[in-house]
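Down below is the structure, laid out as structure tokens.
Since we're looking at a predicted model, the values are computed, not measured. Naming: A, B, ... by sequence-line order, numbering from 1 per chain.
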2 protein chains.
Amino acid sequence: MELSSKSEYALLALLQLADRYQDDEPLQIRQIAADQDIPDRYLEQLLATLRRGGLVKSQRGAKGGYLLARSPWTISLLDVLRCLEGADANIADDGGQDRPLASAIIYEIWVEVDQAANDVLQRYTLQDLKDRRDARKQLDLMYYI
Amino acid sequence: MELSSKSEYALLALLQLADRYQDDEPLQIRQIAADQDIPDRYLEQLLATLRRGGLVKSQRGAKGGYLLARSPWTISLLDVLRCLEGADANIADDGGQDRPLASAIIYEIWVEVDQAANDVLQRYTLQDLKDRRDARKQLDLMYYI
DNA sequence: ACAAAACCCAGCGGAAAACCGGGGTATACT
DNA sequence: AGTATACCCCGGTTTTCCGCTGGGTTTTGT
């Protein structure tokens with residue numbers, strides 16, 4: 001699992017959506033793109049993917065925009081990344097069959113590595129990120145005074 | 001940490017070198033490339049990197065080749081990958097400084113993810129790989145009979 | 001001397017990632 | 001009803017990187 005700009009953009013956007021999860025005022029792409037400094041046309045693609053993945057819902061027309069589809073507590077970082085990479089539609093993920101023995105062994109290890117990484121990503125939800133960010137914000141303020 | 005062909009090639013080569021770690025007959029690039037089905041010119045680069053990283057030592061001239069620099073028990077998979085990616089010399093690996101807060105938090109999580117992956121890679125040595133491969137080889141033979 | 005090998009540097013090609021653009025369609029406000 | 005707003009779809013372009021290749025040099029064994 002890599003931290004691509006794609007992943008980061010998606011998480012930033014979702015985080016901002018999580019901030020106003022209570023009221024269901026939708027947020028516009030333009031707004032998010034401007035706030036998070038993301039190319040808006042690109043963000044549009046990502047949000048479309050997240051919508052198809054059921055993480056986000058959209059409202060069309062004037063005053064439209066995007067909302068989080070589920071509560072921030074129920075969306076893990078793994079959910080987000082899987083949604084993004086699942087969209088790329090990795091055709092023919094060979095699953096490590098029919099390799100020379102040594103390669104197969106190496107592949108097995110990598111499955112373990114992936115598992116370990118996913119375990120961490122599974123443990124964090126959008127809400128965790130939000131909380132952590134807000135706590136940090138408070139801390140920074142204290143130092144400032 | 002990705003499983004690139006680069007990583008896989010390097011591990012396959014090291015594994016073969018580990019096989020004849022006892023005797024110090026050096027192994028030629030050509031030989032390894034042929035056995036493991038790796039483009040030889042590319043393997044050359046990888047071995048050069050591994051040499052600079054101190055994982056492998058070389059003997060120049062006729063009858064020359066490569067040998068493992070240390071015992072297979074002392075070389076972890078993490079050592080190998082670090083050596084390879086360290087060579088790419090990621091100029092200005094910013095370490096996550098000076099980002100907007102939300103980005104910084106995301107970056108922190110990724111450090112944790114990386115850590116989890118590295119922990120796994122740390123635990124496996126070349127010898128472990130070798131043992132596992134050989135055990136599997138025996139098993140396959142039994143099924144064959 | 002000659003051949004066999006490692007060494008070094010530099011560049012190429014294709015695929016994936018990141019990023020636009022244009023035209024279409026639904027929705028809200030007046 | 002009409003119009004402005006913003007999502008929707010789909011394709012094209014740019015940029016970056018990985019895997020790979022070539023040419024020429026240096027070292028060593030016979």
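Each of A:Lys63 and A:Ser7 was assigned the nucleotide of DNA chain C with the nearest heavy atom; the assignment lying further toward the 5' end belongs to A:Ser7.
In this model, a donor atom of one side chain and an acceptor atom of the other lie less than 3.5 Å apart for A:Glu112 and B:Tyr124. Counting only N and O atoms by type, the side chains of A:Thr74 and A:Ser71 include no donor and acceptor under 3.5 Å apart. Using modelled atom types and a 3.5 Å distance limit, the side chains of A:Asp134 and A:Gln138 yield no donor-acceptor pair. There is a side-chain donor-acceptor pair under 3.5 Å between A:Ser103 and B:Glu8.
In terms of phosphate contacts, B:Ser58 brings a side-chain nitrogen or oxygen within less than 4.0 Å of OP1 or OP2 of C:dC7. The shortest distance between the side-chain N/O atoms of B:Ser5 and the OP1/OP2 oxygens of D:dG19 is below 4.0 Å. B:Tyr42 has no side-chain polar atom (N or O) that falls below the 4.0 Å cut-off from OP1 or OP2 of D:dG22.
Using a cutoff of 4.0 Å between basic side-chain nitrogens and carboxylate oxygens, A:Arg30 and A:Asp35 are not scored as salt-bridged. Taking 4.0 Å as the cut-off between side-chain N and carboxylate O, A:Arg132 and B:Glu108 count as a salt-bridged pair.
Here the nucleotide nearest the side chain of B:Gln45, chosen from D:dC9, C:dC29, C:dA10, is C:dA10. If you check D:dC20, C:dA6, C:dC29 against the side chain of B:Tyr9, the one that comes closest is D:dC20. For B:Ala62, the listed nucleotide lying nearest its side chain is D:dT28; candidates were C:dC19, D:dT28, D:dG19. Distance from the side chain of A:Arg52 is smallest to D:dC9 among C:dA6, D:dC9, D:dG19. Distances were taken from every side-chain heavy atom of A:Pro39 (C-beta onward) to each of C:dC8, C:dC20, C:dC29; the shortest belongs to C:dC20.
Rounded to whole angstrom, the span from the NZ atom of B:Lys6 across to the P atom of D:dC17 amounts to 12 Å. Distance B:Glu8 CD to D:dC18 C1': 15 Å, rounded to the nearest Å. In this structure, CG of B:Leu27 is placed 12 Å from P of C:dA5, rounded to the nearest angstrom. One can place CG of B:Leu43 at 12 Å from C1' of D:dC20, the figure rounded to the nearest angstrom. When rounded to the nearest whole Å, the span between CG of B:Leu17 and C1' of C:dA6 equals 14 Å. Separating the CZ atom of B:Arg51 from the P atom of D:dT27 is a distance of 13 Å, rounded to the nearest angstrom. The nearest whole Å value for the distance from the CD atom in B:Gln59 to the C1' atom in C:dA6 is 10 Å. Regarding A:Asp37, its CG atom lies at a distance of 14 Å from the C1' atom of C:dA18, rounded to whole Å.
The base of D:dT28 has none of its N or O atoms less than 3.5 Å from a complementary donor or acceptor on the side chain of B:Arg60. At a cut-off of 3.5 angstrom, counting only N and O atoms as typed in the model, there is a donor on one side and an acceptor on the other between the side-chain of A:Arg41 and the base of C:dG22. A donor-acceptor contact under 3.5 angstrom links the side-chain atoms of A:Glu44 to the base of D:dC9.
Residue contacts shown for B:Leu47 are absent, as no nucleic acid heavy atom lies under 4.0 Å away.
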